[in-house]
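Take a look at the structure below.
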2 protein chains.
Amino acid sequence: MKRNPSTATPNQLSEQLAATGFRSTQQRQRVYDVLMEKRDHPTAEEVFLRAKQAMPDISMATVYNCLDALVKTGVVRQVKIERGAARFCPNMHEHWHFHCTGCGGVFDMDQPDNACDAFPLPKGFKIDQFEIAAHGLCPACSSARNK
Amino acid sequence: MKRNPSTATPNQLSEQLAATGFRSTQQRQRVYDVLMEKRDHPTAEEVFLRAKQAMPDISMATVYNCLDALVKTGVVRQVKIERGAARFCPNMHEHWHFHCTGCGGVFDMDQPDNACDAFPLPKGFKIDQFEIAAHGLCPACSSARNK
DNA sequence: CTATATGCAAATAGTTTGCCTGTTA
DNA sequence: TAACAGGCAAACTATTTGCATATAG
C-alpha cells in the first residue's frame, strides 16, 4: 500500500505535476485550490461551479481533465461513495470516509496504523489500495432524529 | 450494523419478497437464480444476458427493477467497486471485496468478527453499514506479472 | 516552436422513468 | 379484479471524446 502522505501546497503543485509529466496550468491550480479551500468532498460539478467563480471560462470537460491529472499525480483522491457522481478529496493521508445518510455529508475519519491488520489476506493476493466507507448518521442528523 | 445473515434459497425467496411487500414474479426469481448460479459479481447487463437465456423476453428495465426489489428485500447487495457499472452479489454475510486490477475480477473475503473494532468511531456518529473494498492483484494475475 | 491542455459540443455508458399491457394475490 | 410488475422507448445523469484553438516549457 503505497501513497504519498504529504499534502501539496499550491506552490509545490507545479513541481508535483511536472514530476508526473503534466504541465502546470491555471485551471489545474484552480481546481486544486477549490478542493483545498473547502474540504467537503465535492463532486466534479460542484468543483466546476466553484472554480467558475474565479475563472468564468473554465469548462466542465476541463474540470474532469484536471481532476484526472491531479488524481494521477497523486495529490487528490477520487472517492466513490454513493451511486451518483464521484467525489474528490485532497486528503492523501490514510483515512476512511463516513457518509451521512441524513444530510449526505462525507466526513474524513483517521485510520489507525494497524487497521489493515484486521483484514487478513488469503495467500497470493496483493493489496495495492484500500477503500473503506461507512454509512450512517452524523452527530447532527442523529440527534435531530431522536426527537 | 444490522444485516440478515441468512442467504435465501429459491423456495424461500417468495416469502422474503412478500415480507417486504413485494410480489413474487418469474423475473425476480430468475434474476435471483442468475446471481446464485455464478457468484462472480455480475453487472446489471451481465445479469440481463444470463437471464435472457432461459427467459428471452425479459427486458433490461425489468432486470434493474428486479435487482432493486431484491436489494430492498435484503437478499442481494449492490456493490460499487469501479467507476463503471454497479455489481450485484447474493452473499449477505459480512464480507469485503477484493477487486483485481489485472483481470477485473471481484473476490469475496471473509470479514473477521472483530474487524470493525479496528475503526474507532468519533462520538455521535452511528454506523448503519460498512463497506470495504481493496484493489490489487489476485494470485493468478500476480504470478503472471512476475515473469 | 511544438507538445500538451483547453473549450465546445456531440457521443457514450449506465440507469431511470412514463405509459400502456400483462400478471399476481 | 385491483394493485402491482413487465416491456418498450425515451429521458436523464455522469463522464468521455474529437477537434480546432490557445498556452506552457
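To find a chain, count down the sequence lines: A is the first, B the second, and so on, and within it residues start at 1.
B/Ser142 meets the side chain to side chain contact (heavy atoms under 4.5 Å, CB included) test with A/Lys126, B/Leu137; sequence neighbours excluded. Applying the side-chain hydrogen bond (donor to acceptor under 3.5 Å, both in side chains) criterion to A/Thr62, with sequence neighbours excluded, gives A/Ser59.
Hydrophobic clustering, with ILVMFWY side chains joined whenever heavy atoms are under 4.5 angstrom apart, groups A/Phe88 together with A/Ile58. A continuous path of hydrophobic side-chain contacts links B/Phe48 to B/Leu67 [ILVMFWY only; heavy atoms under 4.5 Å]. A continuous path of Ile, Leu, Val, Met, Phe, Trp and Tyr side chains, each step under 4.5 Å between heavy atoms, connects B/Val34 with B/Met55, placing both in one hydrophobic cluster. No single ILVMFWY cluster, assembled from side-chain heavy atoms under 4.5 Å apart, contains both B/Ile132 and B/Val79.
Rounded to 10 degrees, the angle between the two end axes of the helix from C/dC1-D/dG25 to C/dA25-D/dT1 is 40°, with five pairs used at each end.
With respect to the salt-bridge test (charged N to carboxylate O, under 4.0 angstrom), the residues B/Glu82 and A/Lys80 do not qualify.
In this structure a side-chain-to-backbone donor-acceptor pair under 3.5 Å is present from B/Thr101 to B/Gly136.
Atom CD in B/Gln29 sits roughly 16 Å away from atom C1' in D/dG6 (whole-Å rounding). Protein atom NZ of B/Lys72 is 14 Å distant from nucleotide atom C1' of D/dC4, rounded to whole Å. For the pair B/Gln26 CD and C/dT23 C1', the computed distance is 9 Å after rounding to whole Å.
Non-hydrogen atoms lying under 4.0 Å from DNA chain C are contributed by A/Phe22, A/Arg23, A/Thr25, all within residues 18-25 of chain A. Contact check of residues 45-68 of chain A against DNA chain D (heavy atom, cut-off under 4.0 Å) returns A/Ala61, A/Tyr64. Residues from residues 78-89 of chain B with heavy atoms under 4.0 angstrom of DNA chain D: there are none.
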Original post:
How far apart are the C-alpha atoms of B/Arg77 and B/His95, what are their side-chain angles, what is the distance that settles it, and do they pass the side-chain hydrogen bond (donor to acceptor under 3.5 Å, both in side chains) test?
Top reply: CA-CA 11 Å; B/Arg77 283 169 68 176; B/His95 70 287; 3.1 Å; yes
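A side-chain donor-acceptor contact under 3.5 Å links A/His41 and A/Asp108.
The neighbour count for B/Gln78 CD, taken as heavy atoms of other residues, nucleotides or ligands under 6.0 Å away, is above 12. Enclosure of atom CG in A/Asp40 by more than 12 non-hydrogen atoms of other residues, nucleotides or ligands within 6.0 angstrom is indicated. Under a cut-off of 6.0 angstrom, the local environment of CD in B/Gln26 is sparse, with at most 12 non-hydrogen atoms contributed by other residues, nucleotides or ligands.
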